Amino acid sequence: MSRPPIIDNPQAMRDLIIALQRQGKQVGLIPTMGALHAGHVSLVRKSNAECQATIVTIFVNPTQFAPHEDFQKYPRTLESDIAALSTQRVDAIFVPQNADMYPPGYSTYIEPPRVSQPLEGAFRPGHFRGVATVVLKLFNICPADVAYFGAKDYQQTLVVKKMVTDLNLPIRISVEPTMREADGLAMSSRNRYLSPEQRLQALTLSHSLQLAADLVAGGERNGAAILERMQALFDAAGITDIDYIALADPDSLAPVEEIQGPVVALIAARVGTTRLIDNRVLTP
Ligand code: AMP
């Protein structure tokens with residue numbers, strides 16, 4: 001494969017996608033913040049399997065970070081991102097400038113749907129307002145046929161799907177499975193911050209999701225009992241900075257106390273100063 005063209009101009013990006021579609025090609029879009037890993041590449045593969053053209057966007061979106069969060073130190077690894085994408089068929093990489101996305105005086109924001117409120121919404125106020133805003137802007141600049149998102153950011157996929165339905169956006173949303181390291185750790189751009197010791201502690205997230213899945217498969221139906229067992233793994237690993245360990249309805253994210261059907265287990269916790277999230281759908 002070859003190095004994909006880098007486009008930073010929104011109008012040029014839009015023109016290219018429209019030209020591809022005029023050639024009869026379905027266009028797949030993968031929005032990312034860069035620092036790409038095999039999880040991102042799996043979305044590119046899926047797009048290439050389903051579409052005749054694939055566009056990847058790389059933009060560390062300032063409006064989805066709260067003032068105290070890691071926007072400034074979020075990893076920016078454009079050269080290795082380009083190298084990773086050069087192993088796949090990618091028609092273009094859209095890397096917009098901040099000043100083109102949010103020029104001086106920019107003041108329009110999306111009010112995200114209700115499903116944005118619990119969990120991440122409670123611990124990262126304004127996060128989904130920024131996500132919804134940038135995703136809508138990217139969909140307008142990149143009028144693709146399908147956009148691919150990872151289940152790793154479970155609540156984000158619900159927010160984006162609901163926005164697309166509520167606002168009649170002409171794009172299909174496809175949600176792909178979370179890619180994991182061999183030992184189960186969910187791949188994340190932030191994993192690079194973990195020391196070897198923290199890397200081991202971080203396995204508690206996937207281990208506790210596995211435990212929850214095993215408990216449900218074994219007949220446990222009491223949500224509190226499952227959460228208690230998950231919490232005990234975090235206690236044992238010495239992870240104390242936990243935003244949430246929750247069982248929720250897979251569509252509404254309403255808390256689930258008694259398991260009667262599929263339920264999603266979601267976790268956000270800091271290992272050292274690195275905030276990690278993971279989730280798993282549990283089916284009785
Ligand atoms: P990010 O660059 O972290 O904003 O993520 C860009 C896209 O990649 C989002 O749709 C994420 O859900 C997805 N993604 C991130 N990590 C993974 C993973 N481990 N497996 C699959 N998709 C992922």
Side-chain angles (χ1 to χ4, degrees), residues 37-43 45-46 115 118-124 148-159 161 174-272 274-284:
H37 50 66
H40 298 110
V41 174
S42 76
L43 301 178
R45 286 213 171 86
K46 186 65 196 260
V115 72
L119 304 168
E120 290 296 285
F123 286 93
R124 301 186 69 187
Y148 295 87
F149 289 85
K152 158 90 187 335
D153 297 274
Y154 189 90
Q155 189 171 11
Q156 171 172 282
T157 67
L158 295 181
V159 169
K161 283 195 284 189
S174 187
V175 177
E176 305 306 325
T178 300
M179 290 294 123
R180 297 179 179 280
E181 305 290 353
D183 58 10
L185 179 69
M187 290 181 183
S188 162
S189 302
R190 291 182 171 102
N191 288 349
R192 70 192 67 205
Y193 299 135
L194 301 171
S195 70
E197 191 191 332
Q198 292 169 340
R199 172 74 183 64
L200 279 176
Q201 278 183 302
L203 287 175
T204 311
L205 279 82
S206 55
H207 286 170
S208 69
L209 293 170
Q210 180 65 51
L211 171 64
D214 292 344
L215 289 169
V216 169
E220 181 62 74
R221 295 291 175 263
N222 183 274
I226 296 168
L227 293 176
E228 210 169 286
R229 295 283 302 277
M230 295 171 77
Q231 175 70 50
L233 291 191
F234 284 82
D235 294 344
I239 300 176
T240 52
D241 196 350
I242 298 169
D243 279 354
Y244 55 81
I245 303 175
L247 298 176
D249 178 272
D251 299 318
S252 70
L253 293 185
V256 167
E257 277 153 27
E258 192 68 30
I259 295 170
Q260 290 166 338
V263 59
V264 58
L266 306 110
I267 301 170
R270 266 177 213 79
V271 177
T274 305
R275 188 174 186 277
L276 301 177
I277 60 172
D278 200 355
N279 69 83
R280 180 164 169 160
V281 175
L282 317 174
T283 317

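The structure displayed is predicted, hence computed values, not measured ones.
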* Taking only residues two or more places apart in sequence, or in another chain, which ones meet His37 in a ring pair (Phe, Tyr, Trp, His ring centres under 6.0 Å)? -> His40
* Asked: From Asn222 CG over to Leu247 CG, what is the distance, rounded to the nearest 0.5 angstrom?
  -> 9.5 Å
* Go through Val264 and Val256 one step at a time and tell me if the side chain to side chain contact (heavy atoms under 4.5 Å, CB included) criterion holds. => CA-CA 9 Å; Val264 58; Val256 167; over 6 Å; no
* Kindly write out the residues that satisfy side-chain hydrogen bond (donor to acceptor under 3.5 Å, both in side chains) with Ser174, not counting sequence neighbours, or none if the list is empty. => Glu176
* Taking only residues two or more places apart in sequence, or in another chain, which ones meet Asn279 in a side-chain hydrogen bond (donor to acceptor under 3.5 Å, both in side chains)? -> none
* What pair of heavy atoms forms the shortest contact from Ala38 to Met179, and how long is it? -> O-CG, 4.0 Å
* Structure fact -> In terms of heavy-atom contacts, Pro118 and Gln155 come closest through O-NE2, 2.9 Å
* **All side-chain hydrogen bond (donor to acceptor under 3.5 Å, both in side chains) counterparts of Glu120, not counting sequence neighbours** => Tyr244, Arg275
* Structure fact -> Quick note, salt bridge (Lys or Arg N to Asp or Glu O under 4.0 Å) partners involving residues 252-262, not counting sequence neighbours, are none
* Structure fact -> Output for pair (Ser208 OG, Ile267 CD1), nearest 0.5 Å, gives 3.0 Å
* **Donor-acceptor under 3.5 Å (Tyr154 side chain, Ala265 main chain)** => no
* Contact check, side chains of Glu181 and Leu203, non-hydrogen atoms, under 4.5 Å -> no
* To do: Please identify each residue that fulfils side chain to side chain contact (heavy atoms under 4.5 Å, CB included) with Pro255, with sequence neighbours left out.
  => none
Please tabulate, for side-chain N and O atoms in residues 225-242, each donor-acceptor pair with protein atoms closer than 3.5 Å (sequence neighbours left out).
from, atom 1, to, atom 2, distance (Å)
Gln231, NE2, Asp235, OD1, 2.9
Asp241, OD1, Arg270, NH1, 3.4

* **Atom pair NE2 (His207) and CD (Gln210), whose distance is rounded to the nearest 0.5 Å** => 8.5 Å
* To do: Return the minimal non-hydrogen interatomic distance between Ala246 and Leu119, and the atom names on each side.
  => CB-CD2, 3.7 Å
* **From Leu185 atom CG to Thr204 atom OG1, the distance as rounded to the nearest 0.5 Å** => 10.0 Å
* Structure fact -> Residues Gln198 and Gly272: closest non-hydrogen pair is NE2-CA, 3.5 Å
* To do: Taking all non-hydrogen atoms of both residues into account, name the closest pair between Pro284 and Gly261 and its distance.
  => CD-O, 3.3 Å
* To do: Under the side chain to side chain contact (heavy atoms under 4.5 Å, CB included) rule, collect the residues that match up with Thr274, sequence neighbours excluded.
  => Arg190, Tyr193, Leu194, Leu276
* Taking every non-hydrogen atom, the tightest pair across Ala248 and Leu266 -> CB-CD1, 3.9 Å
* Residues that Asp251 engages under side-chain hydrogen bond (donor to acceptor under 3.5 Å, both in side chains), provided they are two or more places apart -> none
* **side chain to side chain contact (heavy atoms under 4.5 Å, CB included) partners of Ala213, counting only residues at least two apart** => Arg280, Leu282
* To do: Could you tell me which residues satisfy side chain to side chain contact (heavy atoms under 4.5 Å, CB included) with Lys152, sequence neighbours excluded, listed by chain and number?
  => Thr178, Ala186, Ser188, Ile277
* To do: Mind jotting down which residue pairs meet the salt bridge (Lys or Arg N to Asp or Glu O under 4.0 Å) criterion with at least one end in residues 199-216? Sequence neighbours excluded, please.
  => Asp183-Arg199
